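Please read the structure below before turning to the comments.
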Amino acid sequence: MKIYNTLSRRKDEFVPLEPGKVKMYVCGPTVYNLIHIGNARPMIIFDTVRRYFEYKGYEVNFVSNFTDVDDKIIKKALEEHVESDVISKRYIEECKKDMEGMNVRPATKHPLATEEIFGMLEMIQTLIDKGHAYAAKDGTVYFRVKSFKDYGKLSHKNLDELQSGFREIKVTGEEGKEDPNDFVLWKPKKEGEPYWESAWCKGRPGWHIECSVMAKRYLGDQIDIHAGGEDLIFPHHENEIAQSEAANEKPFATYWMHNGFLTIDSQKMSKSLNNFFTVREIAEKYDLQVLRFFMLSAHYRSPLNFSEDLMEASKNGLDRILTAIERLGELEAKKGENAQTGEGTMKNEEAQAIKALQELTAKFEAAMEDDFNTADAVAALFEMVKLANISAKEESSALFVHTLKEEICRLCDVMGILTERKKEMLDEEIEQMIADRQQARKNKDFAQADAIRAKLSAMGIILEDTREGVKWKRA
């Protein structure tokens with residue numbers, strides 16, 4: 001298995017620190033709002049990486065954090081006149097709902113930054129004791145970048161180029177830096193902000209220290225894979241390396257994986273361009289399995305362009321796979337008990353088809369083991385579907401039909417594709433939504449009435465306002 005390693009800038013053979021085990025850390029979202037489709041890409045990609053490792057027999061310890069203390073969370077809390085944890089808890093729960101919709105499995109551990117403060121204080125003190133950090137007069141603690149000789153090895157930047165690249169938020173005490181490249185480990189509190197006691201000042205952690213501490217606590221000083229979006233390479237992941245290796249005096253992560261950017265209709269996603277979509281908004285129009293399938297349609301390191309046409313193509317592609325599985329299931333049911341147990345014998349031409357199926361499984365695995373090329377893996381799945389559609393017939397043996405169906409379903413599971421369609425809305429659920437729409441119209445809440453109509457339309461329910469009342473039909 002080869003993984004493109006941002007650190008080495010090449011595909012490196014995967015060799016785990018401990019045979020049969022994978023320690024993997026993925027940077028999670030800052031929970032101040034509903035997650036957007038840019039957040040969804042790393043969630044889906046690295047969930048699929050995890051699934052493939054498990055398919056190959058590895059025991060995976062998968063850790064992904066929630067940043068639950070941050071300027072954006074504090075700003076929203078002040079706007080709503082509530083405590084910061086009210087905001088973070090709300091959006092952690094909403095994030096988990098979206099993850100479930102995308103069939104992203106919960107991590108082995110989802111640590112929260114606010115629950116790891118003691119570990120952060122401990123690591124910061126270690127860095128100070130070793131000469132890698134210092135406290136300014138106002139209590140701000142900075143990492144001394146020049147003390148870490150390998151700084152820049154992930155982003156491949158040198159110190160002279162770095163100053164303009166930092167996106168660190170300016171904080172009180174910025175003038176206390178020894179060097180412009182030094183970054184914040186601990187910052188003093190401002191009015192209305194949550195804070196914790198420390199030896200330097202009442203304050204809260206800088207963003208970068210969180211992940212170093214959580215990775216150390218739940219995975220150890222050294223981990224196999226650290227992953228996240230391409231935008232995190234610098235400064236976030238670069239700073240994590242500096243903190244962790246300076247404190248622990250060991251290499252931090254062996255492999256660094258980063259997914260490419262997501263654009264919307266070939267433009268950068270932005271609220272000002274009115275092309276900013278949350279996962280929840282996409283769910284109003286598409287099953288989130290379609291979003292997952294779309295995300296897997298390109299190599300994870302490639303830029304990915306989101307558009308309605310591409311989502312429709314993904315919807316149709318997913319439908320092809322699910323329809324083939326349903327057909328195999330119907331044939332299997334007709335074969336009776338033998339099909340369910342996989343017993344019986346195959347005809348000669350069926351054995352030849354199974355040989356072709358095994359070759360496609362090998363093709364699927366080869367794609368995944370070449371830096372998790374999900375695009376080529378999906379292509380192998382489509383070839384399996386084509387094989388099944390051509391070779392599985394009414395007269396096929398029970399064992400043949402069972403083998404085809406099980407293998408396609410097994411590889412779909414590796415990709416996180418659910419092989420059973422979701423239950424259609426019940427008539428009474430539709431009637432209730434129509435009643436809610438009528439009540440909204442009666443209340444002159446036409447925006448709500450239009451929203452319900454649009455939601456029903458996205459679910460394939462067409463409304464007709466007639467003299468006799470509202471009638472509906474399935475599209």
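Values in this document were obtained by computation on a predicted structure and should not be read as measured data. Residue numbers start at 1 and run along the sequence shown.
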Mind checking side chain to side chain donor-acceptor pair (under 3.5 Å) for [X] and listing every partner two or more places apart, or none if nothing turns up?
X	answer
D450	none
E308	K285
D436	Q432
Q438	none

[Y] side chain reached by [X] side chain, heavy atoms, under 4.5 Å:
X	Y	result
I225	I3	yes
R441	D465	yes
M415	I321	no
M295	M102	no
R50	T108	yes
W256	I241	yes
D85	T114	no

Which residues satisfy the side chain to side chain contact (heavy atoms under 4.5 Å, CB included) test with [X], sequence neighbours excluded?
X	answer
E284	none
T419	I325, C409, C412
K455	M433, M459
N103	R51, Q289, R292, L418

Quick one: do the [X] and [Y] side chains pair a donor with an acceptor below 3.5 Å?
X	Y	result
Y25	E240	no
D309	S307	no
D224	T254	no

*Who are the salt bridge (charged side-chain N to carboxylate O under 4.0 Å, His left out) partners of K75, not counting sequence neighbours?*
E79
*Dump the intermediate steps for salt bridge (charged side-chain N to carboxylate O under 4.0 Å, His left out) on R105 and E54, then the final yes or no.*
CA-CA 12 Å; R105 289 164 53 198; E54 291 177 343; 2.6 Å; yes
*So with a 6.0 Å cut-off around CZ of F276, is the heavy-atom count from everything else above 12?*
yes
Answer yes or no: is there an ion pair linking [X] with [Y], defined by an N-O contact shorter than 4.0 Å?
X	Y	answer
K97	E94	yes
R410	E407	yes
K157	E238	no
K187	E193	no

*asked:* Tell me which one of K76, K190, R204 satisfies salt bridge (charged side-chain N to carboxylate O under 4.0 Å, His left out) with D71.
replied: R204
Would you check if the side chain of [X] reaches a backbone N or O of [Y] as a donor-acceptor pair within less than 3.5 Å?
X	Y	result
N305	S266	yes
S457	R453	no
Q243	H208	yes
S64	V26	yes
N65	L112	no
D47	M43	no

*Of the options V213, V63, D68, which is the one that meets P111 in a side-chain contact (heavy atoms from CB on, under 4.5 Å)?*
V63
*Sequence neighbours left out, what passes ring pair (Phe, Tyr, Trp, His ring centres under 6.0 Å) with H258? Give chain and number order.*
H237
*asked:* So, using ring pair (Phe, Tyr, Trp, His ring centres under 6.0 Å) as the criterion, who are the partners of F53 when residues are at least two apart?
replied: F14, Y58, F372
*Go through the steps to decide whether E80 and R90 satisfy the test salt bridge (charged side-chain N to carboxylate O under 4.0 Å, His left out), and finish with yes or no.*
CA-CA 13 Å; E80 295 191 17; R90 178 198 305 165; 2.7 Å; yes
*For H226, which of F252, F46, F62 qualifies under ring-ring contact (aromatic ring centres under 6.0 Å, His included)?*
F252
_Between Y52 and E369, is the side chain to side chain donor-acceptor pair (under 3.5 Å) condition met? List the steps._
CA-CA 9 Å; Y52 188 74; E369 296 196 10; 2.8 Å; yes
*asked:* Is there a side chain to side chain contact (heavy atoms under 4.5 Å, CB included) between T30 and I73? Walk through the geometry before answering.
replied: CA-CA 8 Å; T30 300; I73 296 170; 4.0 Å; yes
*Kindly state each residue pair satisfying ring pair (Phe, Tyr, Trp, His ring centres under 6.0 Å) with at least one member in residues 66-109, sequence neighbours excluded.*
F66-H110
*Which atom names give the shortest non-hydrogen contact between S155 and R9, and what distance separates them?*
O-NH2, 3.9 Å
*Full working for side chain to side chain contact (heavy atoms under 4.5 Å, CB included) between M368 and Y55*: CA-CA 11 Å; M368 292 298 284; Y55 165 80; over 6 Å; no
